[in-house]
Structures are given as structure tokens and as C-alpha cells.
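These numbers come from the heavy atoms of this one structure, side chains and all, not from hydrogens, waters or symmetry mates.
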Amino acid sequence: MGQPVVHWEFWSEDPPRIADFYRTVFGLNIRPLPALNYQLVEPGGVGGINGGIMKPQAGPWPAKLALYIDVDDLDRFSDKIRQAGGKILVDKMDVPGVGQLSLFEDPDGRVLGRWKQLKEAAG
């Protein structure tokens, strides 16, 4: 069984402006999370995937969109990514009380993320 896509992010110079656009056009529920400098997008409905809108704080912007793939062990998947010809761009970053994320680049240069949910936050 494969690893599901569980989150997406738009990277923007002006997250509130982009949040307003998607709220107005598609009726998305978008909540600002000031402590994380983040706009959480909750599409609602059946089959929607939550996402976010943010301004990256450091490093190059390899894309304006990232998809996050659910994994159970960031280290193990880092090894698999490297062995398959990918690069780790952000090794591990904690999202307090929720989980950990990591960014990687596939052999084509596409940037994606990995997400490890904390067991306590899963439900």
C-alpha cells in the first residue's frame, strides 16, 4: 500500500491576499494561525485535503506549491529518497503538538514534503 498525500501548501509573498482569493472564489474556510505565521485551509466537504498558505522564511523557493506525503519514519524515508536519487532539502522540522515535516527534491527537481503525525495529535 502506498503513502497517501495528506496536506498541501501554497507558498506566497502575500499569504493573506492569496487566502482571500481562494476564500472568495471557492468558499474555503481559511483560519489564520498567527503563532505559526500560517493560513490553515480547511476545504470541508467529502474527500477534501486540508492545506495551508504561507511565506517561506528562509532558503530558496524551489516552487510555489508543495504536497506532503504521510510517512511513519522521516529518517527511514530520507534514506530511501537519497538511495533513489533524490535530495533532502529540510531534514526535520517540528510543528509543536502536531508532528514533524521534511522537504525533499525528486530527481526532476520537484519539491515535496513528508509529514509524520504525532500519535497524540492523530486522534
Side-chain angles (χ1 to χ4, degrees):
M1 183 165 159
Q3 305 301 124
V5 172
V6 295
H7 190 77
W8 56 267
E9 283 179 343
F10 291 161
W11 297 345
S12 170
E13 285 288 341
D14 189 352
R17 180 177 63 89
I18 296 303
D20 286 342
F21 173 84
Y22 284 95
R23 184 183 298 111
T24 299
V25 174
F26 296 105
L28 299 176
N29 179 32
I30 302 175
R31 297 188 286 131
L33 301 176
L36 299 175
N37 197 19
Y38 200 80
Q39 307 277 328
L40 181 64
V41 181
E42 300 167 312
V46 177
I49 298 174
N50 288 354
I53 303 169
M54 64 171 278
K55 181 177 181 178
Q57 300 301 305
W61 284 35
K64 291 190 177 194
L65 167 70
L67 300 174
Y68 287 81
I69 300 167
D70 188 45
V71 299
D72 60 355
D73 183 328
L74 290 174
D75 294 327
R76 184 168 60 88
F77 277 88
S78 289
D79 292 342
K80 290 175 79 166
I81 288 166
R82 286 185 189 103
Q83 289 169 8
K87 288 192 260 184
I88 304 304
L89 301 176
V90 174
D91 190 35
K92 283 186 203 174
M93 192 167 124
D94 289 328
V95 179
V98 185
Q100 290 181 316
L101 66 89
S102 171
L103 296 176
F104 70 96
E105 184 177 276
D106 74 11
D108 266 352
R110 199 169 1 272
V111 174
L112 293 119
R114 292 170 294 141
W115 176 254
K116 180 183 177 194
Q117 183 84 22
L118 288 178
K119 289 183 175 138
E120 309 83 63

Taking salt bridge (Lys or Arg N to Asp or Glu O under 4.0 Å) as the test, write out the residues that go with [X], two or more places apart.
| X | value |
| --- | --- |
| K64 | none |
| D14 | R17 |
| E9 | none |
| D94 | none |

What residues, two or more places apart in sequence or in another chain, satisfy side-chain contact (heavy atoms from CB on, under 4.5 Å) together with [X]?
| X | answer |
| --- | --- |
| S78 | R82, I88, D91, R114 |
| N37 | Q57 |
| Q83 | D79 |
| A66 | W11, Y68 |

Please report the interatomic distance [atom1]([X]) to [atom2]([Y]), rounded to the nearest 0.5 Å.
| X | Y | atom1 | atom2 | result |
| --- | --- | --- | --- | --- |
| L112 | L89 | CG | CG | 10.0 Å |
| H7 | D70 | NE2 | CG | 12.0 Å |
| Q39 | R31 | CD | CZ | 11.0 Å |
| K116 | D75 | NZ | CG | 8.0 Å |
| I69 | L101 | CD1 | CG | 13.0 Å |

request  = Check which hydrophobic residues are tied to F77 through side-chain heavy-atom contacts below 4.5 Å, counting indirect links as well, and list them.
outcome  = V71, L74

ask   = Under the side-chain hydrogen bond (donor to acceptor under 3.5 Å, both in side chains) test, which residues partner W115, sequence neighbours left out?
value = Q117

ask   = Which residues satisfy the side-chain hydrogen bond (donor to acceptor under 3.5 Å, both in side chains) test with K80, sequence neighbours excluded?
value = none

Please say yes or no: joined through hydrophobic side-chain contacts below 4.5 Å, possibly via intermediate residues, are [X] and [Y] part of one cluster?
| X | Y | result |
| --- | --- | --- |
| L40 | W8 | no |
| L36 | V90 | yes |
| L67 | I81 | yes |
| I18 | I49 | yes |
| L28 | V5 | yes |

I want to check something: taking the side chain as every heavy atom from C-beta on, are [X] and [Y] in contact at a cut-off of under 4.5 Å?
| X | Y | result |
| --- | --- | --- |
| P43 | N29 | no |
| M93 | V95 | no |
| D72 | Q3 | no |

task = Please collect all ring pair (Phe, Tyr, Trp, His ring centres under 6.0 Å) contacts where either partner lies in residues 85-108, sequence neighbours excluded, each pair once.
result = none

task = Quick one: sort the F26 and Y22 rings into parallel, tilted or perpendicular, breaks at 30° and 60°.
result = parallel

[X] to [Y] - nearest heavy-atom pair and separation:
| X | Y | answer |
| --- | --- | --- |
| I53 | S12 | CG2-CB, 4.4 Å |
| A19 | I30 | O-CD1, 3.2 Å |
| A84 | P107 | O-CG, 4.0 Å |

request  = Measure from the side-chain N and O atoms of D106 to the backbone N and O of D108, and report whether any donor-acceptor pair falls under 3.5 Å.
outcome  = yes

